Amino acid sequence: KGAAPMVAFTSCVMANPSPEWHETFRFDVDSIDSSAVLVAWVMSAPGDDEEEVVEGTQLGLSEDELHELRLKRLLAEAAQVKMPRPAAPEFNSALSTAFERATKSADQSADVEVHKMRKNMLAQSRGVEPTTELVPSKKDSFSLADRRWREVANLRTTLERSGCEVHEPLAPRSHVPVGCVVVRFRQLRTAVWETYPVDATRTLRLNVRGSLAMEVDFRPRFFEVKPDPRATQLTPDEEDELYTLKPIDPSHESAEWILGKLPEKPAGKGRRKRGSSAPPKGGQRSRPGLTTSRGAARQ
């Protein structure tokens, strides 16, 4: 939630009522949470053939504008006049360029509406009736594209209330949304846990007919363990010397950290050796040639 959406697109020409095409999209993610969602939008692009579809998408033209352009080209061919064709779009930047063009067009339309509102408020403040162009026109009926985009906005609002954030389809306003399929976190988690692809065949939302079949698969990114160069340089004798368990040496500097500080022997409690020159108790010293015994000593 709140992350930038990952986008992929493909095209299919409906040669029959149930078209089938195979496409694989890969999304590299580090992790997914409970707000993760996969949305597949089905859009209807204006145009009768592949060239018109590409040109209409590139220039952001509607069906009526493409029809007018088609008539101009037919008249130019009849008069033997060549009309310039737009350059072929690049695959890596075509989607971003179309998005920038649609954003720029929307910004220009918003600026025009703001300018009209300012003029209308200025006329009302001076007590003057606004001109016809400043009066907002009330549409009795909307086009099919406008109605479908309004339904898309209502669906996004409904899903947002249930905690599912769905972004607006990245397509020009000249394209008509046919429907969408929403795959939530539970199905995505099942695809991670299971060893086989999860079949996500759903009925299209925003439509009374039609369905879309998808397979969601999880492919982990494996890594190779690099060998340790030090492990290959040791001889068997060096390995035995390094890794063989040996008794602890008390004289080593780390013995105190392992065993703790050894208790010292108290002084004066050991048995005195025979023939030592230590004086007896009482401070008396024996003369040479005389022996002392326990008890009273004779001098």
Side-chain angles (χ1 to χ4, degrees), residues 1-15 17-29 32 35-47 50 52-54 56-63 66 89 91-103 105-106 142-188 191 197-217:
K1 188 174 183 180
M6 298 183 179
V7 183
F9 62 95
T10 183
S11 59
C12 172
V13 178
M14 295 185 64
S18 299
E20 181 178 351
W21 72 102
H22 301 275
E23 194 80 41
T24 302
F25 302 108
R26 176 177 176 178
F27 301 102
D28 294 332
V29 294
I32 57 175
S35 62
V37 62
L38 175 65
V39 185
W41 289 95
V42 180
M43 311 291 293
S44 174
E50 298 179 2
E52 288 188 357
V53 170
V54 172
T57 304
Q58 182 181 359
L59 301 177
L61 302 178
S62 62
E63 189 70 36
L66 279 176
F91 178 77
N92 296 329
S93 60
L95 188 62
S96 59
T97 305
F99 178 70
E100 291 175 0
R101 186 182 296 107
T103 305
S105 177
F142 295 92
S143 63
L144 176 62
D146 293 338
R147 293 199 303 270
R148 298 301 294 176
W149 281 104
R150 287 174 180 268
E151 291 175 0
V152 169
N154 295 336
L155 175 64
R156 292 180 57 222
T157 304
T158 305
L159 293 176
E160 189 176 358
R161 291 175 182 173
S162 62
C164 181
E165 183 181 2
V166 176
H167 294 268
E168 188 173 334
L170 192 58
R173 288 287 176 171
S174 58
H175 293 192
V176 180
V178 177
C180 69
V181 170
V182 180
V183 181
R184 302 220 181 180
F185 170 72
R186 186 173 297 177
Q187 286 77 25
L188 298 178
V198 176
D199 184 15
T201 303
R202 301 286 188 275
T203 304
L204 289 177
R205 290 173 177 255
L206 302 177
N207 208 322
V208 296
R209 299 177 59 185
S211 61
L212 185 65
M214 298 185 302
E215 288 185 353
V216 183
D217 191 11

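Predicted model only: the values in this text are computed from it and were never measured.
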Please name all residues satisfying side-chain contact (heavy atoms from CB on, under 4.5 Å) with [X], sequence neighbours left out, ordered by chain then number.
X      : answer
Arg150 : Phe142
Asp28  : Arg26, Arg221
Pro5   : His167
Val29  : Met6, Ile32

Qualifying residues under side chain to side chain donor-acceptor pair (under 3.5 Å), relative to [X], sequence neighbours excluded:
X      : value
Thr10  : Glu23
Arg186 : none
Ser162 : none
Arg148 : Glu151

Heavy-atom pair of closest approach, residues [X] and [Y]:
X      : Y      : value
Gly179 : Leu206 : CA-CB, 4.4 Å
Pro46  : Ser174 : CD-O, 3.9 Å
Pro169 : Trp149 : CG-CZ3, 3.7 Å
Phe9   : Phe25  : O-CE2, 3.8 Å

- Leu155/Cys180 under side-chain contact (heavy atoms from CB on, under 4.5 Å): CA gap, chis, key distance, verdict: CA-CA 10 Å; Leu155 175 64; Cys180 69; 3.6 Å; yes

- Quick one: list whatever passes salt bridge (charged side-chain N to carboxylate O under 4.0 Å, His left out) with Arg209, sequence neighbours left out.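 Here no residue qualifies.
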
Give every donor-acceptor pair under 3.5 Å between a side-chain atom in residues 35-43 and any protein atom, sequence neighbours left out.
residue : atom : partner : partner atom : Å
Ser35   : OG   : Lys1    : N            : 2.9
Ser35   : OG   : Asp33   : OD1          : 2.9
Ser35   : OG   : Asp33   : OD2          : 3.3

- Sequence neighbours left out, what pairs pass salt bridge (Lys or Arg N to Asp or Glu O under 4.0 Å) with at least one residue falling in residues 153-167?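 Output for this query lists Arg156-Glu168.
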
- Item | Check: Val181 and Met214 side chains under 4.5 Å, non-hydrogen atoms |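 Yes, their side chains come closer than 4.5 Å.
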
- Pairs touching residues 197-208 that satisfy side-chain hydrogen bond (donor to acceptor under 3.5 Å, both in side chains), sequence neighbours left out: Asp199-Thr201

